[in-house]
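Whatever order the structure lists ligands and atoms in, that order sets their numbers, starting from 1. Everything numeric in this text was worked out from a predicted model, so none of it was measured.
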Amino acid sequence: MDPILEGAVEVRSHLGPDDERTLADDVLDGLTRPLKELPPKHLYDARGSELFEAICELPEYYQTRTERSILQAHADDIAARTGAVELVELGSGSATKTRVLLDAMAAAGTLARYVPVDVSASTVHAVAELFADEYDGMSVYGLVADFERHLERLPEPIGPRLVPFLGGTIGNFPPGSRRRFLRSLGKVLGPDGHLLLGTDLVKDPHVIEAAYNDSTGVTAQFNLNVLHVVNRELGANFDVDAFEHVAFFDREREWIEMRLRATEPQRVRVEALDLEVDFAAREEMRTEISAKFTADRLRGDLAAAGMELVELFTDPDELFAVSLARVA
Ligand code: SAH
Ligand code: AVI
């Protein structure tokens, strides 16, 4: 099917047996380090994606509603300034906020194509079907892919492109790889494209910590879900009940760390790797960092990646920022 045929919907998957390999490599690498670690992308199987959606509705998780309000205030301006005809959304998830942008582009009469990109197959399929139904005449080309490895598999631009990378997901990269990743986006944007980057801002640590330690325990379930993923995909025998959720704001690095703490000493076997790993009592394994930004850090990261900030949009309380940027 021609991916730019009006109203067409197509989803391609670039994740296959190789990607179990990525999980296997990440688990081998991460569980044999002095501070054990698993990369956050493995949190998002179908259940992990549902749990993340539930997080977005939590009163403590101010990020989603604040980012949505910023988009609502500025979407028309963004559509007019970029002249974008297509949205290529990285880590699209359930794409609830994306509607605000698609509506603005539809109203401007430019909307031609939506390209959601996510490792979570269930969300890409759901969003592709839903949006193809909702937006008359817009084609959808979904990609089940790893944005760290598969950017060259994106389709060629069909005109000025807007690349939303929302939700603060850029904060899940450590600083060095964050800048490398932003640089790699330059090629995706092309000469007349724009990046729309959502970032959480540095603020009172208590507010940030509450967002990752919600009172209903949904974030804890989300964090623990990675153990279910490793058990299922790699035949491991993590006792999920013997780990607890930990999240704290590292004031020096200005990022949240999510960890899983072993409540008792234990040995875990990972069948697919023929690996046995010991956890001491109270030993912690890092499962996510989530960096918080200042305007200066944003400008610095973008400049180091060969990009320039066109406009930084924020909310009245300066909780969250949405940056419009382009290749310098
Ligand atoms: N953009 C949405 C979802 C944010 S959650 C929002 O703002 O609410 C982060 C999303 O990025 C998840 O859907 C997850 O599956 C996806 N993701 C994480 N790492 C990824 C990777 N390496 N490649 C592609 N998608 C990834
Ligand atoms: C997607 N990502 C930016 C979320 C965040 O806030 O770092 C994931 C998340 N982790 C715990 N709660 C939400």
N/O pairs closer than 3.5 Å, ligand 1 and protein:
unit_1	atom_1	unit_2	atom_2	d
ligand 1	1 (N)	G91	O	2.7
ligand 1	7 (O)	K97	NZ	2.6
ligand 1	7 (O)	G167	N	3.4
ligand 1	8 (O)	K97	NZ	3.4
ligand 1	13 (O)	D118	OD1	3.3
ligand 1	13 (O)	D118	OD2	2.7
ligand 1	15 (O)	D118	OD1	2.5
ligand 1	22 (N)	D146	OD1	2.8
ligand 1	23 (N)	F147	N	2.8
ligand 1	25 (N)	V119	N	3.2

- Query: Which ILVMFWY residues are connected to L35, directly or by a chain of links, through side-chain heavy atoms under 4.5 Å apart?
  - Reply: none

- Query: W255: which other cluster members, linking ILVMFWY side chains closer than 4.5 Å, directly or transitively?
  - Reply: I289

For the pair [X] and [Y], name the ring-plane relationship: parallel under 30°, tilted 30 to 60°, perpendicular over 60°.
X: F52; Y: Y44; result: perpendicular
X: F131; Y: Y114; result: tilted
X: Y61; Y: Y212; result: perpendicular

- Note on the structure: Those residues with a heavy-atom separation under 4.0 Å from ligand 2 are Y44, F52, I55, Y61, G167, G168, T169, N172, Y212, T219, F222, M258, E288, S290

- Query: Does the pair D45/R232 count as a salt bridge with the N-to-O cut at 4.0 Å?
  - Reply: yes

- In terms of hydrophobic clusters joined by side-chain contacts under 4.5 Å, are V268 and V246 together? no

- For R282, does the CZ atom sit with more than 12 other heavy atoms under 6.0 Å from it, leaving out its own atoms? no

- To the nearest 0.5 Å, what is the distance between CG (D192) and OG1 (T82)? 10.0 Å

